[in-house]
Asks: 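Below is the structure I would like to discuss, written out as structure tokens.
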Amino acid sequence: MSRTDEAEHWFNAVYAAVREIPPGKVTSYGHIALLLGEPKRPRQVGICLKHLPSAESGEYFHSGNVPWQRVVNSKGMISHRGAGSAERQAEVLRDEGVEVTSDSMGEFYVDFGRYGWFPVELPSEVSGDEEEDERENQDVQ
């Protein structure tokens with residue numbers, strides 16, 4: 001089943017916003033929703049990232065150019081999306097230099113005070129040069 005135009009626009013907006021998160025930084029699903037003008041839609045941000053196509057898909061936005069790993073929940077915790085998913089996300093973040101801790105329950109956390117990225121606006125909206133920002137984000141992994 002194909003997405004509606006509205007849903008496709010939302011998915012693309014989420015992916016484009018996530019691409020602006022700098023390496024070594026993280027933000028929350030809710031902050032991405034807020035930056036997109038939809039502060040009550042953090043779960044929908046998570047759904048978009050859950051359905052991010054693989055790098056091999058041939059889609060414009062995919063796991064090779066959208067840094068999905070840089071988005072966590074509002075407590076700084078990595079959300080579980082299936083067996084091994086939180087561990088994988090923690091590993092990818094650690095590869096970027098982000099310190100990820102775990103508790104006795106096996107939950108993974110990132111310190112927002114140290115690694116948080118919470119701008120008031122997306123950098124592409126501030127600079128006004130979306131084309132340049134797009135070029136800079138071409139190789140995000």
Asks: Can you list every pair that meets salt bridge (charged side-chain N to carboxylate O under 4.0 Å, His left out) and has a residue in residues 42-68, with sequence neighbours left out?
Replies: none
Asks: Do Val26 and Leu93 have side-chain heavy atoms sitting under 4.5 Å apart?
Replies: yes
Asks: Applying a strict under-4.5 Å side-chain criterion to I, L, V, M, F, W and Y, I'd like to know whether Tyr29 and Val66 cluster together.
Replies: yes
Asks: When rounded to the nearest 0.5 angstrom, what distance separates CD in Gln44 from CG in Leu49?
Replies: 12.0 Å
Asks: Measure the CD1-OH distance between Ile32 and Tyr15 for me, rounded to the nearest 0.5 Å.
Replies: 12.5 Å
Asks: Suppose the criterion is salt bridge (charged side-chain N to carboxylate O under 4.0 Å, His left out): which pairs have a residue in residues 101-120, not counting sequence neighbours?
Replies: Glu99-Arg114
Asks: Please say yes or no: joined through hydrophobic side-chain contacts below 4.5 Å, possibly via intermediate residues, are Val71 and Val100 part of one cluster?
Replies: no
Asks: Measure across Pro53 and Ser57 and return the closest heavy-atom pair with its distance rounded to 0.1 Å.
Replies: CB-OG, 3.3 Å
Asks: Treat each ILVMFWY residue as a node, draw an edge where side-chain heavy atoms are under 4.5 Å apart, and state whether Val18 and Val92 are in one component.
Replies: yes
Asks: Can you measure from OG (Ser28) to CE (Met77) and round to the nearest 0.5 angstrom?
Replies: 13.0 Å
Asks: Can you list everything that forms a side-chain contact (heavy atoms from CB on, under 4.5 Å) with Asp95? Sequence neighbours excluded, please.
Replies: Glu91
Asks: Rounded to the nearest 0.5 Å, what separates atom CG in Asn73 from atom OG in Ser79?
Replies: 4.5 Å
Asks: To the nearest 0.5 Å, how far apart are NE2 in His9 and CG in Leu36?
Replies: 8.0 Å
Asks: Would you say Leu35 and Phe11 are hydrophobically clustered, going by side-chain heavy atoms of ILVMFWY under 4.5 Å?
Replies: yes
Asks: Please, which pairs that meet ring-ring contact (aromatic ring centres under 6.0 Å, His included) have at least one residue in residues 65-117, sequence neighbours excluded?
Replies: Phe112-Phe118
Asks: Taking the side chain as everything from C-beta on, heavy atoms only, tell me whether Trp10 gets closer than 4.5 Å to Val45.
Replies: yes
Asks: Any side-chain hydrogen bond (donor to acceptor under 3.5 Å, both in side chains) pairs touching residues 30-40, not counting sequence neighbours?
Replies: none
Asks: Measure across Ala33 and Pro42 and return the closest heavy-atom pair with its distance rounded to 0.1 Å.
Replies: CB-N, 3.8 Å
Asks: Which atom pair, heavy atoms only, marks the closest approach of Gly64 to Ala55?
Replies: N-CB, 3.9 Å
Asks: Output yes when a side-chain donor or acceptor of Asn12 lies under 3.5 Å from a complementary backbone atom of Phe61, and no otherwise.
Replies: no
Asks: At what distance, to the nearest 0.5 angstrom, does CG of Leu122 lie from CD of Glu20?
Replies: 4.5 Å
Asks: Going only through I, L, V, M, F, W and Y residues with side-chain contacts under 4.5 Å, is there a path from Val72 to Val14?
Replies: no
Asks: By side-chain contact (heavy atoms from CB on, under 4.5 Å), which residues pair with Glu121, not counting sequence neighbours?
Replies: Glu125, Val126
Asks: Return yes if some donor-acceptor pair links the side-chain N/O of Gln89 with the main-chain N/O of Ile78 below 3.5 Å, else return no.
Replies: no
Asks: In plain terms, say whether Arg70 and Glu96 are close enough for a salt bridge, that is, a side-chain N and a carboxylate O under 4.0 Å apart.
Replies: yes
